[in-house]
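So you know, we letter chains A, B, ... as the sequences are listed, proteins then strands, and number each from 1.
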Amino acid sequence: MTIITGKILAKLTNEIINESDVRSWLTSSKAGAVCTFLGTARDHHEGKKVLKLEYEGYEKMALLEMEKIALIMSKKWELEQIAIIHRLGVVPIQEASVIVGISSVHRKEAFLACKYGIDQIKVNVPIWKKEYYEGGEHWVGSCC
Amino acid sequence: MSITVLCFASIREKIGDSQIVILPPIPMTVSGLLDYIKFHYPQVTEHLAIARVAVNQEFVDSSFSLKEGDEIAIIPPVSGG
């Protein structure tokens, strides 16, 4: 599922995130800076060995929330293009689960907006991560 | 009034379904809906205590009034990104 409105790309995918394609979309003749953040699956969490991650989303709402975040970013800073892509389904260790990409005229805005984007995704976007360990699994953030 | 409630992640697993159709008394607020779900699915009581609710893809508070046709989703603590 994808939303593209002018300078904003918000997308959910079950495929491997292609950072190179995202950077190609972000670059423009006006931009002097391109900043991309990748959230990648790591093999440890709170002392436990993580075997893989799996993501589930309320897709319709997740896309809308991702678009809202991008709109806020475009109001806070002067940006050229904004890309937010989240992967769903199984994400093997070391692969990316999310990419936040920004292009802007100057680097200051790109760095600030990129950090803001990933910080905000973790607050309101209805996507959930399940960690698989040896002998167990757990929805991150759930009570029981 | 028949209401469909979408369930995700830990709540989906505890209830055993990604959506439940219920026939609560009308009128109903979100708070009333959660009480109704707790009564019929007591195994998610703790989960509901820390969950949010979205109606038609917008977060709402517990006093929000529901109407026929609303798409309701229980949103456990999110962990994307």
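Heavy-atom minimum distance, A:K68 versus B:E58: NZ-OE1, 3.4 Å. The two atoms that bring A:G141 and B:P77 nearest to each other are O-CG, 3.5 Å, heavy atoms only. Shown here for A:E56 and B:R12, the closest heavy-atom pair between the two residues is OE1-NH2, 2.7 Å.
Counting heavy atoms of neighbouring residues, nucleotides and ligands inside a 6.0 Å radius, atom NZ of A:K11 does not exceed 12 of them. For B:E46, the CD atom counts as loosely surrounded, since its 6.0 Å shell holds 12 or fewer non-hydrogen atoms of other residues, nucleotides or ligands. Annotation: A:E78, atom CD; neighbour count of heavy atoms from other residues, nucleotides and ligands within 6.0 Å does not exceed 12. Applying the 6.0 Å contact sphere to NE2 of A:H45 captures more than 12 heavy atoms from other residues, nucleotides or ligands.
A single hydrophobic cluster is not seen to contain both B:F8 and B:V44; linkage of ILVMFWY side chains at heavy-atom distances under 4.5 Å, directly or through other members, places them apart. Residues A:V90 and A:L38 do not share a hydrophobic cluster, defined by chaining ILVMFWY side chains whose heavy atoms lie under 4.5 Å apart. Hydrophobic clustering (side-chain heavy atoms under 4.5 Å, transitive across Ile, Leu, Val, Met, Phe, Trp, Tyr) keeps A:V91 apart from A:L51. Put simply, B:L66 and B:I37 are part of the same group of oily side chains (I, L, V, M, F, W, Y) that touch within less than 4.5 Å, one to the next. The hydrophobic cluster containing B:I74 also contains B:Y36, counting ILVMFWY residues as joined when their side-chain heavy atoms lie under 4.5 angstrom apart, directly or transitively.
A:Y55 touches chain B through its side chain: at least one heavy atom from C-beta onward sits under 4.5 Å away, while N, CA, C and O do not.
Interface with chain B: from residues 114-130 of chain A, residues A:I118, A:I121, A:K122, A:V123, A:N124, A:V125, A:P126, A:I127, A:W128, A:K129, A:K130 qualify, criterion being any non-hydrogen pair under 4.5 Å.
Between the OG atom of A:S142 and the CD1 atom of B:I50 there is a distance of 7.0 Å, given to the nearest 0.5 Å. Between B:L6 atom CG and A:K60 atom NZ the span is 8.0 Å, to the nearest 0.5 Å. Here the CZ-CE distance, from B:F59 to A:M61, works out to 3.5 Å after rounding to the nearest 0.5 Å.
With hydrogens and angles disregarded, no donor-acceptor distance shorter than 3.5 Å links the side chain of B:H47 to the backbone of A:C143.
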